[in-house]
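Please read the structure below before turning to the comments.
Below, each value reflects all heavy atoms present in this structure, side chains not excepted, and no hydrogens, waters or symmetry copies.
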Amino acid sequence: MLDLNFIRKHPEEVKKAAQGKHEKVDVDRLLVLDSNRRELLFQCEQLRKEQNEASKTISQLKKQGQDTSSLVAETKVLSDRIRDYEEKLRALEPEIEGILLRIPNIPAQDVPPGEDASANIVVRSWGQRRKFRFKPKPHWELGTALGLIDFERGSKVSGAAFPLYRGLGARMERALINFMLDLHTKKHGYEEVFPPFLVNRASMTGTGQLPKLEEDMYKTTEDDLFLIPTAEVPVTNIHRDEILSCKDLPLYYTAYTACFRREAGAYGKDTRGIIRVHQFDKVELVKFVRPETSYEELESLLKDAEEVLQLLGLEYRVVKLCVGDLSFASSKCYDLEAWAPGVERWLEVSSCSNFEDFQARRINIRFRDEQGKVKCVHTLNGSGVALPRTLIAILEGYQQEDGSVGVPEALRPYMDGLAVIKA
RNA sequence: GGAGAGAUGCCGGAGCGGUUGAACGGGGCGGUCUCGAAAACCGCUGUCCGCGUAAGCGGACCGGGGGUUCGAAUCCCUCUCUCUCCGCCA
């Protein structure tokens, strides 16, 4: 959510940002409603003042044993008028709130212009392209042949795009999770948290998934709980409605969670393998920081995620998203894409964003600075990293001509020293 | 799932429907004292919104939302959460 004050002062900037992100919002309508609201509020508060004074007088008169009936009658009229105003205000607020919640965050200065992913900029690349002397297979062939992934039984149990990992496949999944959590907690200084996988509506709205993406979420209608599409939701909401001490900042959290996505708009896309699935594992990084440090913090968060891929020996590139590809809530975002030689594609395994104060304002996370002033924190998050596509990059990248797959050195301690997965 | 109790400021904890933004205690901050510290004493200790360049003025807030009333932290309804007991259960 943007600061209403800021929108009042810079409506054109807000409109431009919304347009750049392909969001339709009626900023002019908001400004009209807002000015109506303020007018009503002022009137209402004047009346309340009168009412407060009258009440005080009544109280005093009663103590003196005097008759108050005429003043009470007068104040009754006042009270009714106040009620009128309150009703008008109450009628106005949902629409204001509604528009406000649908206005996207403003891209940072250095975010490149552009309509879609084709305008994104590759900032850097890491690793060497491996030369194969045979045609590398896609992961679904490798995974099935080695008994790591059972697609048929997964869909029997739950449906399409619910892979069942088994044997060393399941083991490698767990190895990856542990490896990443250990790296982020022991080397990068994050606190490990294990949050609930179902969250309430307030949390979903807080981080911006609602109201926009409701149809993309699994939900339990009975209890109005949502299955988290990312750990960002529960972890960022840890500090909802809190005022932190400046001594607490910065806060770094890392969390493993399963993630659930209906992928409602994506039917028919990436149907094979585990590129796009309804349930997947992810290790997430979340930061709460002082505003003036958030862009440095974004760079270091990105590096923390990159290190995962480096230690796994995976070729990847860092992509800076253009305005048109930037998500609703973020000011600036880098994607990490790992190379998958079997499907011959760059796969997005991480997305690292700075939201500035957009989420913090929406969910009320602030801090008290050294002068005692209360300000919004800046929030950041990034995947560190998402598992299925990382697993793809490993299986396809480490495959041998005989159909076996090498285990990245960094994972071996988590897999009883196993170096090769053979049929 | 059944029965009951509760939710107040940074924390603990009061609060006959009428100067209660809220007693009292603790913590924190500032000051006096001290070479320094402790102790003691004094003062301060909220957030949001509106108007205003500011000082300031006004309004709201005692879990959330409604209601009764001239007036609600206090009464009523409802929701959420916490606790105790019973049942069920990984």
Side-chain angles (χ1 to χ4, degrees), chain A residues 1-9 30-101 194-206 210 219-226 234 237-249 251 258 357-377:
Chain A
M1 189 162 71
L2 292 176
D3 183 5
L4 189 51
N5 237 315
F6 177 88
I7 302 174
R8 282 179 203 140
K9 286 182 193 142
L30 175 68
L31 293 176
V32 170
L33 292 171
D34 173 52
S35 107
N36 288 348
R37 191 188 76 96
R38 277 187 293 168
E39 176 62 29
L40 286 171
L41 192 61
F42 185 76
Q43 306 276 349
C44 186
E45 284 180 356
Q46 292 301 311
L47 293 176
R48 279 212 191 104
K49 185 185 174 189
E50 278 181 50
Q51 186 191 42
N52 286 343
E53 281 161 1
S55 282
K56 213 171 271 184
T57 310
I58 291 169
S59 161
Q60 280 162 0
L61 289 177
K62 278 206 164 175
K63 271 184 192 156
Q64 293 162 19
Q66 297 187 36
D67 175 56
T68 56
S69 54
S70 71
L71 188 52
V72 166
E74 267 174 55
T75 315
K76 167 82 178 148
V77 176
L78 204 55
S79 166
D80 289 340
R81 286 179 63 200
I82 290 172
R83 210 162 292 224
D84 270 4
Y85 274 104
E86 282 173 343
E87 249 165 63
K88 283 182 195 158
L89 278 167
R90 221 179 290 170
L92 219 47
E93 267 149 15
E95 199 185 347
I96 293 177
E97 188 77 353
I99 297 177
L100 216 44
L101 285 179
F194 201 121
F197 292 1
L198 277 83
V199 299
N200 57 30
R201 184 170 284 274
S203 292
M204 255 337 171
T205 307
L210 293 180
K219 62 186 275 194
T220 65
T221 48
E222 196 84 342
D223 303 295
D224 207 32
L225 292 172
F226 297 83
N237 275 283
I238 288 174
H239 294 296
R240 168 150 49 93
D241 294 322
E242 288 185 21
I243 298 176
L244 303 164
S245 159
C246 57
K247 291 174 204 147
D248 298 335
L249 298 178
L251 284 168
D357 59 7
F358 188 84
Q359 283 181 331
R361 180 167 308 104
R362 201 165 164 129
I363 69 178
N364 224 0
I365 307 178
R366 293 166 296 165
F367 75 102
R368 207 179 295 276
D369 72 10
E370 283 77 0
Q371 283 74 45
K373 272 196 72 176
V374 174
K375 297 174 180 164
C376 282
V377 301

- Atom C1', compared across B:G9 and B:G63: separation rounded to whole Å: 14 Å
- Message: At less than 3.5 Å, do the side-chain atoms of A:Glu45 and the base atoms of B:G50 form a donor-acceptor pair?
- Response: no
- With a non-hydrogen cut-off below 4.0 angstrom, is A:Glu74 in contact with a base, only sugar-phosphate, or nothing? nothing
- According to a strict under-4.0 Å criterion, is A:Gln60 in side-chain N/O contact with OP1 or OP2 of B:G18? no
- Task: Any chance you could measure A:Leu92, atom CG, to A:Leu40, atom CG, to the nearest 0.5 Å?
- Result: 6.5 Å
- Task: Determine yes or no for a side-chain-to-main-chain donor-acceptor pair under 3.5 angstrom, with A:Arg362 supplying the side chain and A:Thr205 the backbone.
- Result: yes
- Can you tell me how far C1' in B:G71 sits from the matching atom in B:A14, rounded to whole Å? 23 Å
- Item | Proximity to the side chain of A:Val374 - top-ranked nucleotide from B:A60, B:G58, B:U47 | B:U47
- Message: Nearest whole Å is fine: how far is B:A60 P from A:Leu40 CG?
- Response: 17 Å
- Item | Minimum-distance nucleotide to A:Ser55 side chain [options: B:G18, B:G50, B:U47] | B:G18
- Note on the structure: Atom NZ of A:Lys88 and atom C1' of B:G50 are separated, to the nearest Å, by 18 Å
- Query: Is there side-chain contact between A:Glu53 and A:Lys49, with at least one heavy-atom pair below 4.5 Å?
  - Reply: yes
- Message: Would you say A:Arg366 places a side-chain N or O within less than 4.0 Å of OP1 or OP2 belonging to B:C48?
- Response: yes
- Kindly say whether A:Met1 contributes a backbone atom to a donor-acceptor pair with the side chain of A:Arg361 at under 3.5 angstrom? yes
- Item | Same-atom distance (P) from B:U84 to B:C24, integer angstrom | 33 Å
- Message: Rounded to whole Å, how long is the line connecting atom CG of A:Asn5 with atom P of B:G52?
- Response: 11 Å
- What distance, rounded to whole Å, do you find between the two C1' atoms, one in B:U45 and one in B:G50? 25 Å
- Rounded to whole angstrom, note down the P distance from B:A38 over to B:G27. 12 Å
- Between A:Glu95 and A:Arg37, is a salt bridge (Lys or Arg N to Asp or Glu O under 4.0 Å) present by the stated rule, with each step listed? CA-CA 11 Å; A:Glu95 199 185 347; A:Arg37 191 188 76 96; over 6 Å; no
- Message: Rounding to an integer number of Å, can you tell me how far A:Gln66 CD sits from B:C70 C1'?
- Response: 16 Å
- Nearest whole angstrom, please: distance from the C1' of B:C29 to the CG of A:Asp369. 15 Å
- Please state whether the phosphate of B:G71, meaning OP1 or OP2, lies under 4.0 angstrom from any side-chain nitrogen or oxygen of A:Asn52. no
- Is A:Arg83 near enough to B:G66 that one of its side-chain N or O atoms lies under 4.0 angstrom from OP1 or OP2? no
- Message: From the set B:C51, B:U47, B:C49, return the single nucleotide nearest to any side-chain atom of A:Leu41.
- Response: B:C49
- With side chains defined as the heavy atoms from C-beta onward, is the minimum distance between A:His239 and A:Val377 less than 4.5 Å? no
- Find the distance A:Leu4:CG to B:G50:P and express it as a whole number of Å. 7 Å
- Query: What distance, rounded to whole Å, do you find between the two C1' atoms, one in B:G17 and one in B:C11?
  - Reply: 29 Å
- Note on the structure: Between A:Ile58 and A:Ile243, the residue closer to the 5' end of RNA chain B by nearest nucleotide is A:Ile243
- Message: Please report the distance separating the C1' of B:A90 from the corresponding atom of B:U47, rounded so that it comes out in whole Å.
- Response: 43 Å
- Task: Round to the nearest Å and state the distance from A:Asp248 atom CG to B:G28 atom C1'.
- Result: 14 Å
- Item | Nearest-angstrom distance from the residue atom CZ of A:Arg362 to P of B:C48 | 19 Å
- May I ask you to verify if any side-chain N or O of A:Arg48 is less than 4.0 angstrom from the OP1 or OP2 atom of B:C70? no
- Reckon A:Thr68 has a side-chain N or O less than 4.0 Å from the OP1 or OP2 of B:C70? no
- Say whether A:Asn200 and A:Ser203, considering side chains only, have a donor N or O and an acceptor N or O under 3.5 Å apart. yes
- Report the residue (A:Lys63 or A:Arg368) whose heavy-atom-nearest nucleotide on RNA chain B is the more 5′ of the two. A:Lys63
- Message: Within the 4.5 Å heavy-atom criterion, are A:Leu30 and A:Ile96 side-chain neighbours or not?
- Response: yes
- Is there side-chain contact between A:Arg201 and A:Lys219, with heavy atoms separated by less than 4.5 Å? yes
- Message: Take N1-N3 plus N6-O4 or O6-N4 for Watson-Crick, N1-O2 plus O6-N3 for G-U, both under 3.5 Å. Which runs of 3 or more such pairs involve RNA chain B?
- Response: B:1-7 with B:80-86, B:10-12 with B:24-26, B:27-32 with B:40-45, B:46-51 with B:56-61, B:63-67 with B:75-79
- Is A:Lys76 touching bases, backbone alone, or none of the nucleic acid, heavy atoms closer than 4.0 Å? sugar-phosphate
Strictly under 3.5 Å: I want the nitrogen or oxygen pairs between protein and nucleotides 61-63 of chain B, one per line.
none

- Distance-only donor-acceptor test (3.5 Å): side chain A:Lys49, base B:G58: no
- Determine the interatomic distance between C1' on B:A22 and the same-named atom on B:C79; round to the nearest Å. 26 Å
- Message: Apply salt bridge (Lys or Arg N to Asp or Glu O under 4.0 Å) to residues A:Asp84 and A:Lys88 and explain how you reach the verdict.
- Response: CA-CA 6 Å; A:Asp84 270 4; A:Lys88 283 182 195 158; 5.8 Å; no
- Message: Rounded at 0.5 Å granularity, tell me how far SG in A:Cys44 sits from CZ in A:Arg83.
- Response: 11.5 Å
- OP1 or OP2 of B:C49 less than 4.0 angstrom from a side-chain nitrogen or oxygen of A:Arg38, does that happen here? no
- Item | Closest to the A:Arg90 side chain, choosing from B:A60, B:G46, B:G66 | B:G66
- Query: Are A:Glu50 and A:Gln46 close enough that a side-chain donor and a side-chain acceptor fall under 3.5 Å?
  - Reply: no
- Query: With sugar-phosphate meaning primed atoms plus P, OP1 and OP2, does A:Arg361 contact a base, only sugar-phosphate, or nothing at under 4.0 Å between heavy atoms?
  - Reply: nothing
